Amino acid sequence: MASPLHQFEIVELAPIHIGGVNLSYTNSALWMTIAIIVVTTFLVVAMTNRQLVPGRLQSMAEVLYEFIGQMVKDNVGSAGRPYFPFIFSLFVFFLLGNLLGLIPYSFTFTSHLAVTLGMAVFIFLATTVIGFAKHGLHYFSLFLPGGAPIFLAPLLVPIEILSYFMRPLSLALRLFANMTAGHTLMKVFAGFVAMMGVFGVVPLVFVVALFGLETLVAFLQAFVYTILTCIYLNDALHLH
Amino acid sequence: MPQFDPSVWPTQLFWLAVLFIILVVLMAKVALPPIAEILEEREARIDDQLRKAENLKRDAEDAAEAYEKTLSAARADAQAVLQAVRDEAHAEASRRGAELSQKLHAELATAEARIAEARDGAIAELKDVATDLVGSITERLAGERYDRAKIAATVDAVMREAA
(Lines give C-alpha, C1' and ligand atoms only; values in the text may rest on other atoms or scores of the structure.)
Protein backbone atom coordinates (compact mmCIF):
# COMPACT_ATOMS: atom_id res chain seq x y z
CA MET A 1 0.00 0.00 0.00
CA ALA A 2 1.19 3.48 -0.85
CA SER A 3 2.33 5.68 2.01
CA PRO A 4 -0.22 8.23 3.27
CA LEU A 5 2.23 10.87 2.15
CA HIS A 6 2.32 9.56 -1.40
CA GLN A 7 -0.58 11.87 -2.30
CA PHE A 8 1.66 14.89 -1.76
CA GLU A 9 4.21 13.72 -4.33
CA ILE A 10 4.95 16.23 -7.08
CA VAL A 11 4.75 14.55 -10.48
CA GLU A 12 6.23 16.17 -13.55
CA LEU A 13 3.76 16.13 -16.41
CA ALA A 14 5.66 18.26 -18.93
CA PRO A 15 9.34 18.71 -18.14
CA ILE A 16 10.58 22.28 -18.56
CA HIS A 17 14.12 23.15 -17.56
CA ILE A 18 15.29 26.71 -17.97
CA GLY A 19 18.85 27.57 -17.06
CA GLY A 20 19.24 24.49 -14.90
CA VAL A 21 16.08 25.34 -12.91
CA ASN A 22 13.28 22.79 -12.97
CA LEU A 23 10.11 24.68 -13.97
CA SER A 24 8.22 21.61 -15.20
CA TYR A 25 4.45 21.62 -15.50
CA THR A 26 3.47 19.34 -12.64
CA ASN A 27 0.33 17.86 -11.14
CA SER A 28 0.34 20.85 -8.77
CA ALA A 29 0.24 23.26 -11.72
CA LEU A 30 -2.42 21.10 -13.38
CA TRP A 31 -4.77 21.37 -10.39
CA MET A 32 -4.11 25.10 -10.15
CA THR A 33 -5.10 25.31 -13.82
CA ILE A 34 -8.22 23.23 -13.16
CA ALA A 35 -9.14 25.49 -10.22
CA ILE A 36 -8.78 28.58 -12.43
CA ILE A 37 -10.85 27.02 -15.21
CA VAL A 38 -13.57 25.91 -12.77
CA VAL A 39 -13.83 29.32 -11.11
CA THR A 40 -13.76 31.32 -14.32
CA THR A 41 -16.22 29.01 -16.08
CA PHE A 42 -18.55 29.05 -13.11
CA LEU A 43 -18.59 32.83 -12.87
CA VAL A 44 -18.87 33.40 -16.61
CA VAL A 45 -21.64 30.81 -17.06
CA ALA A 46 -23.48 32.13 -14.01
CA MET A 47 -23.39 35.62 -15.49
CA THR A 48 -24.49 34.85 -19.04
CA ASN A 49 -28.14 35.86 -19.39
CA ARG A 50 -27.74 37.80 -16.21
CA GLN A 51 -30.94 39.17 -14.85
CA LEU A 52 -32.02 41.77 -12.36
CA VAL A 53 -33.75 39.02 -10.41
CA PRO A 54 -31.06 36.32 -10.28
CA GLY A 55 -31.51 32.61 -10.88
CA ARG A 56 -29.81 29.92 -8.81
CA LEU A 57 -26.40 30.00 -10.46
CA GLN A 58 -26.31 33.79 -10.66
CA SER A 59 -27.31 33.98 -6.98
CA MET A 60 -24.38 31.77 -6.03
CA ALA A 61 -21.95 33.93 -8.00
CA GLU A 62 -23.42 37.08 -6.43
CA VAL A 63 -23.30 35.62 -2.93
CA LEU A 64 -19.63 34.74 -3.43
CA TYR A 65 -18.91 38.22 -4.77
CA GLU A 66 -20.76 39.98 -1.97
CA PHE A 67 -19.22 37.70 0.66
CA ILE A 68 -15.71 38.76 -0.30
CA GLY A 69 -16.88 42.31 -1.01
CA GLN A 70 -18.29 42.56 2.50
CA MET A 71 -15.14 41.05 3.97
CA VAL A 72 -12.95 43.65 2.25
CA LYS A 73 -15.35 46.45 3.21
CA ASP A 74 -15.54 45.39 6.87
CA ASN A 75 -11.82 44.79 7.32
CA VAL A 76 -10.18 47.28 4.99
CA GLY A 77 -12.89 49.83 4.28
CA SER A 78 -13.37 51.71 1.02
CA ALA A 79 -9.59 52.02 0.58
CA GLY A 80 -9.51 48.27 -0.02
CA ARG A 81 -11.62 48.58 -3.15
CA PRO A 82 -8.66 48.45 -5.63
CA TYR A 83 -7.41 45.25 -3.98
CA PHE A 84 -10.75 43.50 -4.26
CA PRO A 85 -9.92 41.47 -7.41
CA PHE A 86 -6.76 40.20 -5.73
CA ILE A 87 -8.53 39.28 -2.49
CA PHE A 88 -11.34 37.62 -4.42
CA SER A 89 -8.86 35.63 -6.53
CA LEU A 90 -6.95 34.64 -3.39
CA PHE A 91 -10.09 33.29 -1.74
CA VAL A 92 -11.42 31.35 -4.73
CA PHE A 93 -7.93 30.04 -5.59
CA PHE A 94 -7.33 28.56 -2.15
CA LEU A 95 -10.97 27.51 -1.70
CA LEU A 96 -10.92 25.58 -4.97
CA GLY A 97 -7.44 24.22 -4.14
CA ASN A 98 -8.75 22.88 -0.85
CA LEU A 99 -12.04 21.56 -2.25
CA LEU A 100 -10.64 19.98 -5.42
CA GLY A 101 -8.06 18.27 -3.20
CA LEU A 102 -10.90 16.34 -1.56
CA ILE A 103 -11.63 14.53 -4.83
CA PRO A 104 -10.00 11.09 -4.65
CA TYR A 105 -6.81 10.78 -6.72
CA SER A 106 -6.61 14.55 -7.13
CA PHE A 107 -3.78 16.71 -5.87
CA THR A 108 -4.09 19.37 -3.17
CA PHE A 109 -1.76 22.21 -4.16
CA THR A 110 -2.59 24.08 -0.94
CA SER A 111 -0.98 21.22 1.03
CA HIS A 112 2.43 22.39 -0.18
CA LEU A 113 4.36 24.88 1.85
CA ALA A 114 5.92 26.26 -1.33
CA VAL A 115 2.50 27.50 -2.47
CA THR A 116 1.14 28.77 0.84
CA LEU A 117 4.47 30.33 1.86
CA GLY A 118 5.10 31.74 -1.60
CA MET A 119 1.75 33.51 -1.51
CA ALA A 120 2.23 34.56 2.13
CA VAL A 121 5.64 36.08 1.41
CA PHE A 122 4.22 37.92 -1.56
CA ILE A 123 1.38 39.28 0.61
CA PHE A 124 3.86 40.21 3.32
CA LEU A 125 6.13 42.07 0.90
CA ALA A 126 3.23 43.71 -0.89
CA THR A 127 1.55 44.97 2.31
CA THR A 128 4.91 46.23 3.59
CA VAL A 129 5.56 48.09 0.33
CA ILE A 130 2.01 49.52 0.39
CA GLY A 131 2.48 50.57 4.02
CA PHE A 132 5.73 52.41 3.36
CA ALA A 133 4.43 53.92 0.12
CA LYS A 134 1.38 55.26 1.93
CA HIS A 135 2.83 56.32 5.26
CA GLY A 136 6.58 56.61 4.67
CA LEU A 137 8.63 56.13 7.79
CA HIS A 138 5.51 56.66 9.84
CA TYR A 139 4.73 53.05 9.00
CA PHE A 140 7.15 52.09 11.79
CA SER A 141 4.55 53.31 14.28
CA LEU A 142 2.87 49.98 13.57
CA PHE A 143 5.44 48.47 15.93
CA LEU A 144 4.27 50.52 18.92
CA PRO A 145 0.58 49.98 19.64
CA GLY A 146 -1.30 53.22 20.20
CA GLY A 147 -1.99 54.13 23.83
CA ALA A 148 0.85 51.98 25.16
CA PRO A 149 2.98 53.65 27.85
CA ILE A 150 6.32 54.74 26.41
CA PHE A 151 8.40 52.92 29.05
CA LEU A 152 7.01 49.64 27.68
CA ALA A 153 8.40 50.46 24.23
CA PRO A 154 11.67 48.51 24.68
CA LEU A 155 9.55 45.45 25.42
CA LEU A 156 6.70 45.99 22.97
CA VAL A 157 8.64 47.04 19.88
CA PRO A 158 10.71 43.83 19.59
CA ILE A 159 7.57 41.74 20.19
CA GLU A 160 5.65 43.65 17.56
CA ILE A 161 8.53 43.40 15.07
CA LEU A 162 8.81 39.68 15.71
CA SER A 163 5.06 39.18 15.30
CA TYR A 164 5.14 41.26 12.12
CA PHE A 165 7.80 39.04 10.59
CA MET A 166 5.98 35.94 11.79
CA ARG A 167 2.91 36.92 9.80
CA PRO A 168 3.83 35.18 6.54
CA LEU A 169 5.03 32.12 8.37
CA SER A 170 1.88 31.72 10.47
CA LEU A 171 -0.28 32.45 7.44
CA ALA A 172 1.51 29.82 5.35
CA LEU A 173 1.88 27.17 8.04
CA ARG A 174 -1.77 27.34 9.10
CA LEU A 175 -3.10 26.45 5.66
CA PHE A 176 -0.34 24.02 4.81
CA ALA A 177 -0.60 22.17 8.14
CA ASN A 178 -4.39 21.97 8.05
CA MET A 179 -4.44 20.55 4.54
CA THR A 180 -1.53 18.15 5.04
CA ALA A 181 -2.78 16.84 8.38
CA GLY A 182 -6.38 16.45 7.19
CA HIS A 183 -5.46 14.64 4.01
CA THR A 184 -2.94 12.40 5.73
CA LEU A 185 -5.48 11.45 8.37
CA MET A 186 -8.09 10.65 5.71
CA LYS A 187 -5.58 8.54 3.82
CA VAL A 188 -4.56 6.65 6.98
CA PHE A 189 -8.18 5.83 7.84
CA ALA A 190 -8.94 4.94 4.23
CA GLY A 191 -5.99 2.51 4.47
CA PHE A 192 -7.58 0.96 7.57
CA VAL A 193 -10.81 0.42 5.60
CA ALA A 194 -8.91 -1.62 3.05
CA MET A 195 -6.88 -3.53 5.67
CA MET A 196 -9.71 -4.45 8.08
CA GLY A 197 -11.97 -6.14 5.55
CA VAL A 198 -15.53 -6.49 6.90
CA PHE A 199 -14.71 -4.45 9.99
CA GLY A 200 -13.58 -1.72 7.65
CA VAL A 201 -17.03 -0.13 8.01
CA VAL A 202 -15.88 1.37 11.31
CA PRO A 203 -13.03 3.43 9.83
CA LEU A 204 -15.25 4.00 6.79
CA VAL A 205 -17.80 5.79 8.96
CA PHE A 206 -14.92 7.75 10.40
CA VAL A 207 -13.66 8.66 6.93
CA VAL A 208 -17.14 9.88 5.94
CA ALA A 209 -17.33 12.05 9.06
CA LEU A 210 -13.78 13.25 8.45
CA PHE A 211 -14.70 14.15 4.87
CA GLY A 212 -17.45 16.41 6.19
CA LEU A 213 -15.03 18.00 8.61
CA GLU A 214 -12.41 18.46 5.88
CA THR A 215 -14.97 20.18 3.66
CA LEU A 216 -15.62 22.60 6.50
CA VAL A 217 -11.86 23.05 7.01
CA ALA A 218 -11.45 23.71 3.27
CA PHE A 219 -13.84 26.66 3.52
CA LEU A 220 -12.60 27.82 6.89
CA GLN A 221 -8.91 27.86 6.01
CA ALA A 222 -9.47 29.66 2.71
CA PHE A 223 -11.57 32.17 4.68
CA VAL A 224 -8.94 32.57 7.42
CA TYR A 225 -6.13 33.05 4.89
CA THR A 226 -8.17 35.68 3.06
CA ILE A 227 -9.39 37.57 6.10
CA LEU A 228 -5.88 37.72 7.58
CA THR A 229 -4.67 39.13 4.27
CA CYS A 230 -7.42 41.76 4.58
CA ILE A 231 -6.28 42.59 8.11
CA TYR A 232 -2.63 42.93 7.04
CA LEU A 233 -3.74 45.11 4.15
CA ASN A 234 -5.77 47.23 6.55
CA ASP A 235 -2.71 47.67 8.78
CA ALA A 236 -0.74 48.77 5.75
CA LEU A 237 -3.40 51.25 4.63
CA HIS A 238 -4.59 52.62 7.97
CA LEU A 239 -1.89 51.59 10.46
CA HIS A 240 -3.56 50.56 13.71
CA MET B 1 7.54 14.58 3.17
CA PRO B 2 7.57 15.84 -0.42
CA GLN B 3 6.66 19.31 0.89
CA PHE B 4 10.13 19.77 2.36
CA ASP B 5 11.97 18.63 -0.75
CA PRO B 6 13.64 21.83 -2.05
CA SER B 7 13.90 20.50 -5.59
CA VAL B 8 10.14 20.83 -6.16
CA TRP B 9 9.91 24.42 -4.86
CA PRO B 10 10.99 26.39 -7.94
CA THR B 11 8.41 24.80 -10.23
CA GLN B 12 5.63 25.34 -7.71
CA LEU B 13 6.57 28.94 -7.09
CA PHE B 14 6.89 29.60 -10.81
CA TRP B 15 3.53 28.10 -11.72
CA LEU B 16 1.86 29.68 -8.69
CA ALA B 17 3.04 33.08 -9.87
CA VAL B 18 2.10 32.53 -13.51
CA LEU B 19 -1.27 30.90 -12.89
CA PHE B 20 -2.28 33.21 -10.05
CA ILE B 21 -1.54 36.26 -12.18
CA ILE B 22 -3.69 34.72 -14.92
CA LEU B 23 -6.46 34.13 -12.37
CA VAL B 24 -6.32 37.71 -11.07
CA VAL B 25 -6.44 39.07 -14.63
CA LEU B 26 -9.35 36.76 -15.52
CA MET B 27 -11.23 37.79 -12.40
CA ALA B 28 -10.54 41.50 -12.77
CA LYS B 29 -11.22 41.72 -16.52
CA VAL B 30 -13.69 38.94 -17.28
CA ALA B 31 -15.50 37.43 -14.31
CA LEU B 32 -16.04 40.21 -11.81
CA PRO B 33 -17.15 43.25 -13.86
CA PRO B 34 -20.50 41.71 -14.93
CA ILE B 35 -21.28 40.84 -11.31
CA ALA B 36 -20.37 44.33 -10.12
CA GLU B 37 -22.45 45.76 -12.94
CA ILE B 38 -25.57 43.76 -12.15
CA LEU B 39 -25.27 44.46 -8.42
CA GLU B 40 -24.91 48.17 -9.05
CA GLU B 41 -27.80 48.11 -11.49
CA ARG B 42 -29.99 46.34 -8.96
CA GLU B 43 -29.01 48.72 -6.19
CA ALA B 44 -29.66 51.72 -8.43
CA ARG B 45 -33.01 50.29 -9.41
CA ILE B 46 -34.02 49.58 -5.83
CA ASP B 47 -32.93 53.07 -4.77
CA ASP B 48 -34.85 54.52 -7.70
CA GLN B 49 -37.99 52.59 -6.83
CA LEU B 50 -37.67 53.56 -3.19
CA ARG B 51 -37.31 57.19 -4.16
CA LYS B 52 -40.34 56.89 -6.43
CA ALA B 53 -42.34 55.26 -3.68
CA GLU B 54 -41.28 58.04 -1.33
CA ASN B 55 -42.44 60.67 -3.84
CA LEU B 56 -45.74 58.91 -4.40
CA LYS B 57 -46.27 58.65 -0.69
CA ARG B 58 -45.59 62.36 -0.29
CA ASP B 59 -48.01 63.12 -3.13
CA ALA B 60 -50.66 60.96 -1.52
CA GLU B 61 -50.12 62.72 1.80
CA ASP B 62 -50.40 66.11 0.10
CA ALA B 63 -53.60 65.06 -1.63
CA ALA B 64 -55.03 63.75 1.63
CA GLU B 65 -54.13 67.01 3.33
CA ALA B 66 -55.72 69.09 0.56
CA TYR B 67 -58.81 66.90 0.71
CA GLU B 68 -58.98 67.33 4.45
CA LYS B 69 -58.59 71.07 4.10
CA THR B 70 -61.31 71.30 1.42
CA LEU B 71 -63.57 69.15 3.49
CA SER B 72 -63.18 71.27 6.60
CA ALA B 73 -63.68 74.48 4.55
CA ALA B 74 -66.84 73.04 3.03
CA ARG B 75 -68.01 72.00 6.47
CA ALA B 76 -67.40 75.52 7.80
CA ASP B 77 -69.25 77.03 4.81
CA ALA B 78 -72.17 74.72 5.32
CA GLN B 79 -72.22 75.60 8.97
CA ALA B 80 -72.26 79.33 8.16
CA VAL B 81 -75.03 78.95 5.58
CA LEU B 82 -77.04 76.85 7.96
CA GLN B 83 -76.61 79.43 10.72
CA ALA B 84 -77.65 82.25 8.39
CA VAL B 85 -80.77 80.39 7.28
CA ARG B 86 -81.60 79.55 10.86
CA ASP B 87 -81.20 83.19 11.92
CA GLU B 88 -83.34 84.38 9.03
CA ALA B 89 -86.04 81.88 9.78
CA HIS B 90 -85.94 82.85 13.39
CA ALA B 91 -86.25 86.54 12.58
CA GLU B 92 -89.10 85.87 10.13
CA ALA B 93 -90.92 83.75 12.66
CA SER B 94 -90.67 86.33 15.41
CA ARG B 95 -91.72 89.09 12.99
CA ARG B 96 -94.76 87.13 11.89
CA GLY B 97 -95.61 86.27 15.46
CA ALA B 98 -95.51 89.92 16.41
CA GLU B 99 -97.67 90.88 13.42
CA LEU B 100 -100.17 88.21 14.21
CA SER B 101 -100.48 89.12 17.84
CA GLN B 102 -100.88 92.79 16.87
CA LYS B 103 -103.62 91.89 14.43
CA LEU B 104 -105.30 89.71 17.00
CA HIS B 105 -105.12 92.49 19.53
CA ALA B 106 -106.75 94.88 17.11
CA GLU B 107 -109.50 92.42 16.24
CA LEU B 108 -110.08 91.76 19.88
CA ALA B 109 -110.42 95.46 20.55
CA THR B 110 -112.96 95.98 17.71
CA ALA B 111 -114.86 92.87 18.83
CA GLU B 112 -115.00 94.19 22.36
CA ALA B 113 -116.18 97.59 21.09
CA ARG B 114 -118.87 95.91 19.02
CA ILE B 115 -120.01 93.85 21.98
CA ALA B 116 -120.17 96.96 24.16
CA GLU B 117 -122.16 98.75 21.49
CA ALA B 118 -124.51 95.82 21.07
CA ARG B 119 -125.04 95.63 24.80
CA ASP B 120 -125.71 99.38 25.04
CA GLY B 121 -128.16 99.08 22.14
CA ALA B 122 -129.86 96.12 23.78
CA ILE B 123 -130.15 97.96 27.08
CA ALA B 124 -131.62 101.04 25.39
CA GLU B 125 -134.11 98.87 23.49
CA LEU B 126 -134.99 97.04 26.70
CA LYS B 127 -135.63 100.38 28.28
CA ASP B 128 -138.01 101.33 25.47
CA VAL B 129 -139.81 98.00 25.67
CA ALA B 130 -139.99 98.27 29.46
CA THR B 131 -141.40 101.80 29.20
CA ASP B 132 -144.04 100.69 26.64
CA LEU B 133 -144.81 97.64 28.75
CA VAL B 134 -145.08 99.71 31.92
CA GLY B 135 -147.29 102.20 30.04
CA SER B 136 -149.58 99.43 28.78
CA ILE B 137 -149.74 97.70 32.17
CA THR B 138 -150.45 100.87 34.13
CA GLU B 139 -153.10 101.91 31.54
CA ARG B 140 -154.84 98.56 31.88
CA LEU B 141 -154.56 98.41 35.66
CA ALA B 142 -155.20 102.03 36.49
CA GLY B 143 -157.13 102.84 33.38
CA GLU B 144 -155.24 105.94 33.32
CA ARG B 145 -152.67 106.99 30.90
CA TYR B 146 -149.37 108.23 32.38
CA ASP B 147 -146.99 110.48 30.74
CA ARG B 148 -144.47 108.52 28.74
CA ALA B 149 -141.48 110.63 29.77
CA LYS B 150 -142.35 110.14 33.43
CA ILE B 151 -142.56 106.40 32.99
CA ALA B 152 -139.25 106.36 31.17
CA ALA B 153 -137.57 108.22 34.04
CA THR B 154 -139.03 105.75 36.55
CA VAL B 155 -137.93 102.73 34.50
CA ASP B 156 -134.55 104.27 34.18
CA ALA B 157 -134.30 104.77 37.92
CA VAL B 158 -135.45 101.18 38.64
CA MET B 159 -133.02 99.74 36.14
CA ARG B 160 -130.15 101.74 37.52
CA GLU B 161 -131.15 100.54 41.01
CA ALA B 162 -131.21 96.96 39.78
CA ALA B 163 -127.92 97.25 37.98
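Below, read A as the first sequence line, B as the second, and so on, with proteins coming before strands; counting in each chain starts at 1. As the structure is a prediction and not an experimental result, all values here were calculated from the model.
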Sort A:Tyr25 into side chain, backbone, both or neither according to what part of it lies under 4.5 angstrom from a heavy atom of chain B.
both

About how many Å separate CD1 of B:Ile22 and CE of A:Met32, when rounded to the nearest 0.5 Å?
11.5 Å

Atom group of A:Leu23 that falls short of 4.5 Å from chain B, counting heavy atoms
both

Heavy-atom proximity to chain B below 4.5 Å, by part of A:Ile16
side chain

A:Phe88 versus chain B, the contacting section by heavy-atom distance below 4.5 Å:
side chain

Residue-level contacts of residues 8-19 of chain B with chain A, using a heavy-atom cutoff under 4.5 Å:
B:Val8, B:Trp9, B:Pro10, B:Thr11, B:Gln12, B:Leu13, B:Phe14, B:Trp15, B:Leu16, B:Leu19

With respect to chain B, which residue among A:Val21, A:Leu117, A:Thr180 yields the maximal number of heavy-atom pairs within a distance under 4.5 Å?
A:Thr180

Out of A:Phe84, A:Phe42, A:Phe8, return the one with the most heavy atom pairs under 4.5 angstrom to chain B.
A:Phe8

Answer yes or no: is there a side-chain heavy-atom contact under 4.5 Å between B:Leu32 and A:Pro85?
yes

Got A:Leu5 and B:Gln3 here, is their nearest side-chain heavy-atom distance under 4.5 Å?
no

Measure distances from A:Glu12 to the heavy atoms of chain B and classify the residue's part below 4.5 Å as side chain, backbone, both or neither.
neither

Toward chain B, the part of A:Thr184 with a non-hydrogen atom under 4.5 Å:
neither

Check each atom of B:Leu26 against the heavy atoms of chain A and say whether the ones under 4.5 Å are side chain, backbone, both or neither.
side chain

Among A:Ala114, A:Pro54, A:Ser24, A:Gly69, the residue with the most heavy-atom pairs under 4.5 Å to chain B is A:Ala114

Could you tell me the separation between the CD1 atom of B:Ile35 and the CG atom of A:Leu43, rounded to the nearest 0.5 Å?
4.5 Å

Assert top hit (heavy-atom pairs under 4.5 Å, partner chain B, pool A:Val44, A:Thr40, A:Val53, A:Thr33) equals A:Thr40

Verify the ring-centre separation between B:Phe4 and A:Phe176: is it less than 6.0 angstrom?
yes

Given that the side chain runs from C-beta out, which part of A:Tyr65 has a heavy atom under 4.5 Å from chain B: side chain, backbone, both or neither?
side chain

A:Glu62 side, atom CD; B:Ile38 side, atom CD1 - distance, nearest 0.5 Å:
6.5 Å

Specify the closest pair of heavy atoms between A:Ser89 and B:Met27, including all atoms of both residues, with the distance to one decimal.
OG-CG, 3.3 Å

d(A:Arg50 CZ, B:Glu41 CD) to nearest 0.5 Å is 7.0 Å

